[in-house]
There are 2 protein chains.
Amino acid sequence: MPAYAASTRTAAPQARIPAGYLAMQGSAALGRSALADDRGGTRRTFAKGEELFAEGEAADFFYQVVSGTVRVCKLLSDGRRQIDAFQLAGDIFGLENGAEHRFTAEAVEETVVLAFRRGRFANLLHDNPAFGDQLMTSMITSLERAQDHMVLLGRKTAQEKIATFLMDMAGRLAKGDRLDLPMQRTDIADHLGLTIETVSRTLTQMVRDGLIKLGAAGRTITLTDKLALQQLNG
Amino acid sequence: MPAYAASTRTAAPQARIPAGYLAMQGSAALGRSALADDRGGTRRTFAKGEELFAEGEAADFFYQVVSGTVRVCKLLSDGRRQIDAFQLAGDIFGLENGAEHRFTAEAVEETVVLAFRRGRFANLLHDNPAFGDQLMTSMITSLERAQDHMVLLGRKTAQEKIATFLMDMAGRLAKGDRLDLPMQRTDIADHLGLTIETVSRTLTQMVRDGLIKLGAAGRTITLTDKLALQQLNG
DNA sequence: CGGTAGCTTGATGCGAGTCAACCCATGTGG
DNA sequence: CCACATGGGTTGACTCGCATCAAGCTACCG
């Protein structure tokens, strides 16, 4: 039984925001999802570390991120943790077949989401095909990300994992070559199937090799050699 | 660059069966999917090792397994391979957002599938909400499996990986405690992020520990201690 | 009966995990 | 304002699980 890295929950316990107002002013951070608002999503805000829902809870709602970052994770009985994905602005998650959530979702930083009540898909799809289309597209996107991530977890070296992660986050958060990671080392480690020590060491090595630069807090990363990083993706 | 286990392709090169007849007699092996036939899926048969489609090919069709087994996999440039999933009777796969397939699908054994022409989801969902519902459910199921598999790949030991795999396959192929695996060691290894040697050694050890019995060909496995195997799932 | 594909077994090595300090920034209370 | 605690990150020494390399075994097939 190796590698466990259960993050110490910084979260306030379960301080669920009690279902906000429907008012939807603009939502600048959102892209393609003006539709979502029309479907009557309820806006909710979660503090850093707070839990949106836990494994085993009733799955009455699914969510779309407006701003911030959510980590979606599963735990083994002895505390080993795997973060399946980080959900950023626009991403949809928490849709289940069964009655219960099969994973936990927590806010990595202050995060705003839209919560949608789950109905029968058939009805949903029939009433608003465009939203159904968006949902299906979103599910397929999640699946594609999951498939790419399985290659990473199953077959890539630590260096390749970090390179892939950095390029992926750069693509999704992109502001030039400067990357501001919202999550800490523990989260990165649990996402990539590594330990925090290995994450740290690999990043340090990449600095030595001139691939990246690390900001003071360790959260700001400048990709100085994207080409080399890209070649490490496999 | 470790761990590569690119399987030697036994496959006949690209001998695509030329789009069969629409006749759909009963399809006993299928469960819930009588609907599928009504949607005009085209029946196709693939020989052991044959390729249904490859990464990068036009994604004009998606598929549902009628009988047999399909492996869905991705390759890194140097040949390392990850099998994302095994698709068994009833499973739907190959649905993409983009115009091209993002992974390869190959028949593990003689396999019969239904091929569906992909249209705009919106139309599809609107025309036949029940089929849309089935599709959405199927996508969510795939995603759930992928999430469970990421925990396995990222955080489980070799022994736990094998135990989980055996219990999973038993649940899907179940005929009592006797399990007839359709795939070879190479496929199992590439699915679990291991090498064939480790798969073999771990199985041998499980025999010694009295958890399983191995048939002569190595493909038939009897689960003699399901409880212990279950406890190894984490 | 020889060739080969798939599986198993053994000896050895390495990449990443484990254990343990240590650093630094931030926050808090006396 | 300083002493101290705390959380997040880095670094080093050592260990170990699984990969690698290399035979050998068995069943099947021409």
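We use all heavy atoms of the structure for the numbers below, so side chains are in, but hydrogens, waters and symmetry mates are not. In the text below, chain A, chain B and the rest are named by the order of the sequence lines, each starting its count at 1. Predicted, not measured: the structure shown is a model, and the values here were computed from it.
In the set C/dA16, C/dC7, D/dA22, D/dA22 carries the atom at the smallest distance from any side-chain atom of B/Glu197. Comparing D/dA22, D/dT10, D/dA19 against the side chain of A/Leu214 picks out D/dT10 as the nearest.
Between the side chains of B/Asn97 and A/Thr141, at least one donor N or O sits under 3.5 Å from an acceptor N or O. Side-chain contact check for B/Thr202 and B/Gln159: no donor-acceptor pair (N or O, by modelled atom type) lies under 3.5 Å.
Between B/Thr198 and D/dC18, a side-chain N or O to OP1/OP2 separation shorter than 4.0 Å is absent. The shortest distance between the side-chain N/O atoms of A/Arg219 and the OP1/OP2 oxygens of D/dG9 is below 4.0 Å. Between A/Ser200 and D/dG9, a side-chain N or O to OP1/OP2 separation shorter than 4.0 Å is absent. Contact annotation: B/Thr195 reaches the phosphate of D/dA19 (side-chain N/O to OP1 or OP2, under 4.0 Å). Taking 4.0 angstrom as the limit, B/Arg201 places none of its side-chain polar atoms (N or O) nearer than this to OP1 or OP2 of C/dT8.
Here C/dA21 presents its C1' atom at 13 Å from CD1 of A/Ile196, a figure rounded to the nearest Å.
In this structure, A/Thr204 reaches the sugar-phosphate backbone alone: every heavy-atom distance under 4.0 Å involves primed, P, OP1 or OP2 atoms, never a base.
By the 6.0 Å and 45° rule, A/Arg44 stacks over the aromatic ring of A/Phe61.
In this structure, A/Phe53 has its ring center under 6.0 Å from that of A/Tyr63.
Each of A/Val199 and B/Val199 lies near DNA chain C, and the nucleotide nearest B/Val199 is the one positioned closer to the 5' end.
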